[in-house]
Visitor: 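Structure provided below as structure tokens; questions to follow.
This structure is a prediction, so every number in the text was calculated from the model and none was measured.
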Amino acid sequence: MKKIHKLLVANRGEISLRIMRTAREMGIKTVAVYSEADRHAPHVKYADEAVCLGPAPSNQSYLLIDKIIQACKDLQVDAIHPGYGFLSENAKFAQRVSEAGIIFVGPSPQAIEVMGSKLAAKQAVSKYGIPMVPGTEEAISDIDEAKSTAASIGYPILIKASAGGGGKGMRIVEKEEEFEEQMQRAISEAQSAFGDGAVFIEKYITSPRHIEIQVLGDHHGNVVHLFERECSVQRRHQKVVEEAPSAVVSEAMRQRMGEAAIMVAKACDYYGAGTVEFIVDEALNFYFLEMNTRLQVEHPVTEMITGVDLVKEQILVAEGHQLSFGQEDLKIHGHAVEIRVYAEDPKNNFLPDIGKLQTYTRPQGSGVRVDDGFEQGMDIPIYYDPMIAKLITHADTREKAMDRMIRAIEEYQITGIETTLGFCKFVMKHEAFRSGDFDTKFVERYFTPESLDEQWTDDELSLLAASAVEIFESSKKDLRKIKSLQGDQFPRTKWKNRLL
């Protein structure tokens with residue numbers, strides 16, 4: 001076993017802060033890395049030491065493997081935690097870290113590589129009898145062969161990028177005449193997004209639920225599962241609302257899914273924290289989808305219902321410790337819900353929004369957790385994922401957890417940008433969600449931009465109006481300041497004349 005004394009977090013924002021807080025509790029010094037856009041970010045201020053990697057674009061900063069490893073050498077860092085996103089599922093990065101004599105807080109490069117390819121992952125787990133969606137077992141590029149395969153599977157089918165994620169390189173094909181065009185698009189998008197145009201075909205489950213199992217393994221062959229998370233409320237194939245446990249998973253189904261997830265982990269000699277994702281059909285049959293070889297964005301809901309600090313366990317496993325608990329020691333306590341607070345406009349197809357956080361006040365109280373990486377007055381940069389925060393609530397029952405989330409959303413004050421808070425409140429109040437009778441088509445079936453206008457109370461509308469007036473007055477002051485500094489050297493627009 002090798003004790004970690006100093007940990008570099010190769011990430012930014014809320015996940016960096018979340019990892020550093022656990023490290024501090026464990027008596028471990030922390031090192032932050034940052035781009036020029038994040039120079040004054042909270043994760044930089046919180047760390048014991050910080051290193052600038054370069055300009056704002058991630059390919060000039062957060063993705064620079066050589067600079068990150070050199071920073072570790074310069075500051076005598078023992079270990080690197082990759083967080084999620086960026087280099088977290090990059091097998092080459094994990095290999096380079098190991099070769100440099102630095103502990104990688106995550107699985108082996110081999111496990112990352114196998115599970116990083118959906119096709120390789122399917123092949124690795126196929127001998128364990130784990131249910132899988134009917135489809136091809138190898139990449140397919142010949143159009144005629146692909147058409148024949150699709151016809152034998154039966155439409156609708158799904159074309160997916162082997163190296164994909166986040167809905168990129170994915171196309172649903174309803175009928176044969178659409179097949180060729182959609183396949184070409186999938187290949188092109190996969191090549192652009194991942195540098196790998198390999199695609200495969202599988203049967204499209206028309207009304208699926210997305211349910212995943214958290215697993216944790218050590219270097220000694222021990223693997224446990226920490227129950228399921230329901231992640232079916234999505235837009236653009238990306239999650240917005242998660243909860244644990246699922247409203248539809250019975251104890252028997254939970255046991256079967258948990259055992260399947262453990263077998264998936266053992267198929268690649270997995271250690272550390274990972275997530276096995278399943279797709280579930282209307283009859284509650286589940287099929288292996290993929291494995292994410294990292295900490296998940298939605299890991300807090302698992303922590304809330306189990307009492308297990310997943311980051312702490314990751315670090316202990318990386319140091320060489322055995323898991324301190326077995327499967328029989330893990331119990332579900334209550335219910336947890338998480339929403340992702342994005343700088344996006346739900347009224348405009350969830351397109352990202354940028355600007356300054358004019359007002360930023362977090363909710364508080366019993367059973368409320370906020371994981372974020374921003375402060376009032378900060379700008380939302382255009383270079384990275386638009387997530388501002390994760391808001392998590394926990395209570396004895398699912399109904400109480402949802403009600404607590406509504407209260408927390410109402411207390412969360414953010415002005416200056418559009419966010420998904422209103423949309424998430426709509427979800428919490430909707431009968432389909434509250435009853436548990438929903439799937440990944442929730443947004444498509446139930447949400448319209450007008451839905452947001454219908455849910456506000458008179459008091460909430462008054463607060464929104466007051467916030468709008470505050471922002472308007474602030475804008476007028478800024479323009480007057482510009483005028484006093486510039487005089488009349490610039491011609492006035494009609495918009496400027498109205499404000500001044």
Visitor: Please check if the side chain of Gln358 supplies one atom and the backbone of Gly416 the other of a donor-acceptor pair under 3.5 Å.
Guide: no
Visitor: Rounded at 0.5 Å granularity, tell me how far CG in Asp439 sits from NE2 in His210.
Guide: 13.0 Å
Visitor: A side-chain contact here means heavy atoms from C-beta on lying under 4.5 Å apart; do Ile68 and Leu8 qualify?
Guide: yes
Visitor: Pairs under 3.5 angstrom only: tabulate donor-acceptor contacts from the side chains of residues 96-107 to other protein residues two or more places apart or in another chain.
Guide:
{"residue": "Arg96", "atom": "NH1", "partner": "Asp66", "partner atom": "OD1", "Å": "3.3"}
{"residue": "Arg96", "atom": "NH2", "partner": "Asp66", "partner atom": "OD1", "Å": "2.5"}
{"residue": "Glu99", "atom": "OE2", "partner": "Gln95", "partner atom": "NE2", "Å": "3.3"}

Visitor: Where do Met291 and Gly274 come nearest, in terms of heavy atoms and distance?
Guide: CE-CA, 4.4 Å
Visitor: How far apart are the closest heavy atoms of Val223 and Ala265, and which atoms are they?
Guide: CG1-CB, 3.9 Å
Visitor: List the residues meeting side-chain hydrogen bond (donor to acceptor under 3.5 Å, both in side chains) with Thr448, not counting sequence neighbours, and say none if there are none.
Guide: Glu450, Ser451
Visitor: Atom CG of Leu421 and atom CG of Leu391: how far apart are they, to the nearest 0.5 Å?
Guide: 7.5 Å
Visitor: The test is side-chain contact (heavy atoms from CB on, under 4.5 Å); show your working for His225 and Gln327 and say whether it passes.
Guide: CA-CA 7 Å; His225 72 83; Gln327 192 64 56; 3.3 Å; yes
Visitor: To the nearest 0.5 Å, how far apart are OG in Ser16 and CZ in Arg21?
Guide: 11.0 Å
Visitor: Would you sort out whether Glu212 and Lys239 count as a salt bridge (Lys or Arg N to Asp or Glu O under 4.0 Å), showing the intermediate values?
Guide: CA-CA 12 Å; Glu212 60 191 29; Lys239 307 162 190 173; 2.9 Å; yes
Visitor: Can you tell me if Thr393 uses its side chain to pair, donor with acceptor, with the backbone of Ala401 under 3.5 Å?
Guide: yes
Visitor: Using modelled atom types and a 3.5 Å cut-off, is there a donor and acceptor pairing between side-chain atoms of Asp309 and backbone atoms of Val311?
Guide: yes
Visitor: Check Gly83 against Arg294 and note the closest heavy-atom contact, atom names and distance.
Guide: O-CB, 4.1 Å
Visitor: Is the count of non-hydrogen atoms from other residues, nucleotides or ligands lying under 6.0 Å from His40 atom NE2 greater than 12?
Guide: no
Visitor: Could you pull out all residues at least two apart from Asp385 that satisfy side-chain contact (heavy atoms from CB on, under 4.5 Å)?
Guide: Tyr342, Met387
Visitor: Run the side-chain contact (heavy atoms from CB on, under 4.5 Å) test against Ser108 and tell me which residues pass, sequence neighbours left out.
Guide: Gln110, Ala111, Tyr271
Visitor: Without swapping roles, check the side chain of Asp196 against the backbone of Ala163 for a donor-acceptor pair under 3.5 Å.
Guide: no
Visitor: Donor-acceptor pair, distance only, cut-off 3.5 Å: does the side chain of His43 make one with the backbone of Arg18?
Guide: no
Visitor: Is there a donor-acceptor pair closer than 3.5 Å between any side-chain N or O of Ser88 and the backbone N or O of Leu295?
Guide: no
Visitor: Salt bridge check, Arg236 against Glu344: does any charged N sit closer than 4.0 Å to a carboxylate O?
Guide: yes
Visitor: Report yes if some heavy atom in the side chain of Val427 is under 4.5 Å from a heavy atom in the side chain of Phe438; otherwise report no.
Guide: no
Visitor: Under a 4.0 Å N-O cut-off, is there an ion pair linking Arg369 with Glu338?
Guide: no
Visitor: Yes or no on side-chain contact (heavy atoms from CB on, under 4.5 Å) for Lys73 and Gln70, after CA distance, side-chain angles and deciding distance?
Guide: CA-CA 5 Å; Lys73 293 177 178 178; Gln70 188 59 51; 4.2 Å; yes
Visitor: Could you tell me if the side chain of Thr419 sits less than 4.5 Å from the side chain of Tyr412, heavy atoms only?
Guide: no
Visitor: Taking atom CD as the centre, does Glu113 end up with more than 12 heavy-atom neighbours from other residues, nucleotides or ligands that are less than 6.0 angstrom away?
Guide: no
Visitor: Is the shortest heavy-atom distance from the side chain of Pro363 to the side chain of Val370 under 4.5 Å?
Guide: yes
Visitor: With a 3.5 Å distance limit and no angle check, can you tell me whether Glu230 reaches the backbone of Ser246 through a side-chain donor-acceptor pair?
Guide: no
Visitor: Does the structure place the NZ or CZ of Arg12 under 6.0 Å from the centre of the six-membered ring of Tyr34, at an angle of no more than 45° from the ring's axis?
Guide: no
Visitor: I need the minimum non-hydrogen distance between Phe278 and Ala261, along with the two atoms involved.
Guide: CZ-N, 4.1 Å
Visitor: Quick check: are there more than 12 heavy atoms from other residues, nucleotides or ligands sitting under 6.0 Å from NZ of Lys6?
Guide: yes
Visitor: Considering non-hydrogen atoms only, spot the tightest contact between Cys231 and Glu242 and give its length.
Guide: SG-CG, 3.7 Å
Visitor: Judged by atom type as modelled, is there a donor-acceptor pair below 3.5 Å linking the side chain of Asp218 to the main-chain atoms of Leu323?
Guide: yes
Visitor: Less than 4.5 Å apart, any side-chain heavy atom of Met428 and any of Ile339?
Guide: yes
Visitor: Go through it in stages, so that I can follow the logic: the residues are Ser61 and Tyr383, the test is side-chain hydrogen bond (donor to acceptor under 3.5 Å, both in side chains), and I'd like the CA-CA distance, side-chain angles, deciding distance and then a yes or no.
Guide: CA-CA 11 Å; Ser61 52; Tyr383 307 99; over 6 Å; no
Visitor: ring-ring contact (aromatic ring centres under 6.0 Å, His included) with Phe447: which residues, sequence neighbours excluded?
Guide: Phe350, Phe423, Phe426
Visitor: Calculate, to the nearest 0.5 Å, the distance between atoms CD and CE belonging to Glu243 and Met402 respectively.
Guide: 7.5 Å
Visitor: Please check if the side chain of Tyr62 supplies one atom and the backbone of Ser35 the other of a donor-acceptor pair under 3.5 Å.
Guide: yes
Visitor: Taking all atoms of both residues into account, what is the closest heavy-atom pair of Gly85 and Asn11, and its distance?
Guide: O-ND2, 4.3 Å
Visitor: Heavy atoms, side chains only, cut-off 4.5 Å: are Val276 and Phe288 in contact?
Guide: yes
Visitor: Quick one: pull up CG in Asp371 and CD1 in Ile15 and give me the separation to the nearest 0.5 Å.
Guide: 7.5 Å
Visitor: Would you call Arg209-Glu228 a salt bridge at under 4.0 Å N-O?
Guide: no
Visitor: Is the backbone N or O of Lys92 less than 3.5 Å from a side-chain atom of Asn90, with the two atoms forming a donor-acceptor pair by type?
Guide: yes
Visitor: Counting only heavy atoms from other residues, nucleotides and ligands, does the tally under 6.0 Å from NZ of Lys441 exceed 12?
Guide: yes
Visitor: State, with a plain yes or no, whether a side-chain heavy atom of Val215 is found less than 4.5 Å away from one of Val264.
Guide: no
Visitor: Using the salt bridge (Lys or Arg N to Asp or Glu O under 4.0 Å) rule, take Lys118 and Glu202 through it: C-alpha gap first, then chi angles, then the decisive distance, then the call.
Guide: CA-CA 12 Å; Lys118 291 182 175 63; Glu202 64 183 25; over 6 Å; no
Visitor: Could you tell me whether the side chain of Leu357 reaches within less than 4.5 Å of the side chain of Ile414, counting heavy atoms only?
Guide: yes
Visitor: For the atom pair CD1 (Ile112) and SG (Cys268), what is the distance rounded to the nearest 0.5 Å?
Guide: 10.0 Å
Visitor: Hey, are Arg407 and Glu411 close enough for a salt bridge, meaning a charged N less than 4.0 Å from a carboxylate O?
Guide: yes
Visitor: List for me each residue that meets side-chain contact (heavy atoms from CB on, under 4.5 Å) alongside Asp48, sequence neighbours excluded, and say none if there are none.
Guide: Arg24, Lys29, Thr30
Visitor: Between Lys122 and Phe200, is a side-chain contact (heavy atoms from CB on, under 4.5 Å) present by the stated rule, with each step listed?
Guide: CA-CA 11 Å; Lys122 289 176 73 172; Phe200 64 100; 4.0 Å; yes
Visitor: Can you find a side-chain donor-acceptor pair between Thr275 and Arg229 that sits under 3.5 Å?
Guide: yes
Visitor: For His430 together with Phe442, are the ring centres under 6.0 Å from each other?
Guide: yes
Visitor: Taking the basic N atoms (NZ, or NE/NH1/NH2) and the acidic carboxylate oxygens, is any pair closer than 4.0 Å for Glu303 and Lys390?
Guide: no
